[in-house]
Amino acid sequence: MTDDSSPWLVVGLGNPGAEYAGNRHNVGFMVADLLAERMGGRFKAHKARAQVVEGRLGAPGVSSRRVVVAKPMSFMNLSGGPTVALRDFYKVPVERIVVVHDELDIDYGMLRLKLGGGDNGHNGLKSITKAMGPAYHRVRFGIGRPPGRMQVADFVLKDFSSTERKELDYQVDRAADAVEALVLEGLERAQSTYNS
């Protein structure tokens with residue numbers, strides 16, 4: 001049984017550094033930034049090689065939840081180390097860990113929430129799963145497949161296209177809503193609202 005005093009840990013995946021900020025691979029950071037804004041907090045450096053914000057999501061009172069929003073500063077393919085260090089530091093049970101990441105196999109603008117599963121070739125998930133097993137929640141933000149013969153690595157490290165950028169704020173907002181719904185209402189209700 002989960003101890004109700006333990007917080008939720010929401011980990012947005014991305015690569016640190018201004019040159020990566022607008023990349024498709026950094027959509028997890030974008031969602032984390034918006035959640036931090038909603039919580040009224042600022043990211044601070046944490047010894048777990050991550051930036052963190054602590055606060056509450058949801059309406060004040062009984063229905064709000066303690067949440068730690070984190071952005072690992074280790075580069076995508078080493079996300080597991082900071083995630084496990086934060087899990088241990090905040091004593092978060094694995095069923096209260098949510099990882100927000102870009103997903104190639106879902107069209108741009110689509111979201112899928114799930115618990116557990118494979119890493120689908122995603123280096124951030126691969127690192128986290130290797131470090132602590134697969135039984136954490138994922139909020140998968142669709143970015144679609146690369147056009148033509150473009151390599152996946154090139155595609156995810158490119159910024160969103162100008163067409164995609166027109167909708168990006170809305171899509172990031174919706175993904176942040178999905179994280180809140182997952183934390184406050186549970187996976188099934190969040191899935192029925194946001195899984196497309």
Side-chain angles (χ1 to χ4, degrees), residues 8-16 20-35 69-72 74-80 82-83 94-183 185-196:
W8 282 75
L9 173 61
V10 177
V11 181
L13 296 187
N15 285 308
Y20 299 107
N23 289 181
R24 290 182 176 93
H25 225 17
N26 269 43
V27 77
F29 275 15
M30 297 172 197
V31 174
D33 287 340
L34 181 56
L35 287 167
V69 176
K71 300 191 293 188
S74 58
F75 285 99
M76 182 68 84
N77 58 349
L78 300 171
S79 302
T83 302
V94 72
E95 65 271 17
R96 287 198 177 188
I97 297 175
V98 182
V99 175
V100 185
H101 64 92
D102 56 303
E103 177 61 66
L104 288 159
D105 284 342
I106 303 173
D107 290 340
Y108 178 71
M110 301 280 154
L111 289 174
R112 297 267 164 75
L113 285 70
K114 68 181 221 173
L115 175 61
D119 58 51
N120 213 10
H122 192 291
N123 289 332
L125 295 182
K126 204 174 281 183
S127 175
I128 291 171
T129 297
K130 187 175 175 197
M132 66 179 201
Y136 52 91
H137 290 93
R138 298 103 192 273
V139 173
R140 303 154 75 205
F141 187 110
I143 59 169
R145 298 299 274 168
R149 296 193 170 162
M150 187 189 286
Q151 294 296 309
V152 165
D154 295 335
F155 179 69
V156 298
L157 293 175
K158 278 203 178 352
D159 286 3
F160 285 97
S161 70
S162 54
T163 312
E164 289 168 337
R165 275 201 299 272
K166 288 188 183 113
E167 277 188 27
L168 187 58
D169 287 348
Y170 168 76
Q171 301 300 353
V172 167
D173 196 60
R174 200 165 161 269
D177 289 348
V179 171
E180 284 203 43
L182 172 57
V183 167
E185 300 167 21
L187 180 62
E188 282 180 26
R189 287 191 63 179
Q191 282 175 325
S192 67
T193 307
Y194 293 99
N195 276 16
S196 31

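Keep in mind that this is a model prediction, so the values were computed, not measured.
- You'll find the side chain of Glu164 stays beyond 4.5 Å of the side chain of Ile143, heavy atoms only.
- Crowding of Glu185 atom CD: a count of heavy atoms from other residues, nucleotides or ligands under 6.0 Å exceeding 12.
- The CG atom of Leu168 sits 12.0 Å away from atom OG of Ser162, with the distance rounded to the nearest 0.5 Å.
- Taking CG of Leu104 as the reference point, atom NE2 of His25 lies at 8.5 Å (rounded to 0.5 Å).
- Residues His137 and Lys114 are not in side-chain contact: their nearest non-hydrogen atoms beyond the backbone lie 4.5 Å or more apart.
- Between atom CG of residue Leu35 and atom CG of residue Asp177 there is a gap of 9.0 Å, rounded to the nearest 0.5 Å.
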Start with the C-alpha gap between Asp105 and Arg145, add the side-chain angles, then the distance that decides, and say whether salt bridge (charged side-chain N to carboxylate O under 4.0 Å, His left out) holds. CA-CA 7 Å; Asp105 284 342; Arg145 298 299 274 168; 3.1 Å; yes

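- Contact check for Pro72 versus Val11: side-chain heavy atoms found under the 4.5 Å cut-off.
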For Glu103 and Arg138, what are the C-alpha separation, side-chain angles and deciding distance, and is it a salt bridge (charged side-chain N to carboxylate O under 4.0 Å, His left out)? CA-CA 10 Å; Glu103 177 61 66; Arg138 298 103 192 273; over 6 Å; no

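- The closest side-chain heavy-atom distance from Gln171 to Val27 is not below 4.5 Å.
- Closest approach of Ala70 to Leu9, counting heavy atoms only: CB-CD1, 4.2 Å.
- At a threshold of 4.5 Å between non-hydrogen side-chain atoms, the residues Val10 and Val100 count as touching.
- A heavy-atom distance below 4.5 Å is found between the side chains of Leu187 and Leu182.
- Side chains of Ser79 and Asn123 form no contact here, defined as non-hydrogen atoms less than 4.5 Å apart.
- Counting heavy atoms from C-beta on, the side chains of His122 and Leu13 come closer than 4.5 Å.
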Just do the side chain to side chain contact (heavy atoms under 4.5 Å, CB included) check on Val139 and Val31 with the steps written out, would you? CA-CA 10 Å; Val139 173; Val31 174; over 6 Å; no

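- Side-chain atoms of Asn15 and Asn23 include no donor-acceptor pair closer than 3.5 Å.
- Put simply, CE on Met110 and CG on Asn195 are 11.0 Å apart, with the number rounded to the nearest 0.5 Å.
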Could you walk me through whether Tyr108 and Phe160 satisfy the ring-ring contact (aromatic ring centres under 6.0 Å, His included) test, starting with their C-alpha distance in whole Å, then the side-chain angles of each, then the deciding distance to 0.1 Å, before giving a yes or no? CA-CA 10 Å; Tyr108 178 71; Phe160 285 97; 5.7 Å; yes

Start with the C-alpha distance between Lys71 and Asp33, add both sets of side-chain angles, then the distance that settles salt bridge (charged side-chain N to carboxylate O under 4.0 Å, His left out), and finish with yes or no. CA-CA 9 Å; Lys71 300 191 293 188; Asp33 287 340; 2.6 Å; yes

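- Between Ala175 and Phe141, the closest heavy-atom pair is CB-CD1, 3.8 Å.
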Should Asn77 and Ser127 be marked as a side chain to side chain contact (heavy atoms under 4.5 Å, CB included) after you check the CA-CA gap, both sets of side-chain angles, and the distance that decides it? CA-CA 6 Å; Asn77 58 349; Ser127 175; 5.7 Å; no

Evaluate the criterion side chain to side chain contact (heavy atoms under 4.5 Å, CB included) for residue pair Leu125 and Asn120; output intermediate values, then yes/no. CA-CA 8 Å; Leu125 295 182; Asn120 213 10; 5.8 Å; no

Could you go through Asp119 and Lys130, starting from their C-alpha distance and side-chain angles, then the distance that decides it, and tell me whether this counts as side chain to side chain contact (heavy atoms under 4.5 Å, CB included)? CA-CA 10 Å; Asp119 58 51; Lys130 187 175 175 197; over 6 Å; no

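- Note that the CD atom of Gln191 and the CG atom of Leu111 stand 12.0 Å from one another [nearest 0.5 Å].
- Remark: Thr83 OG1 to Tyr136 OH distance equals 8.5 Å, nearest 0.5 Å.
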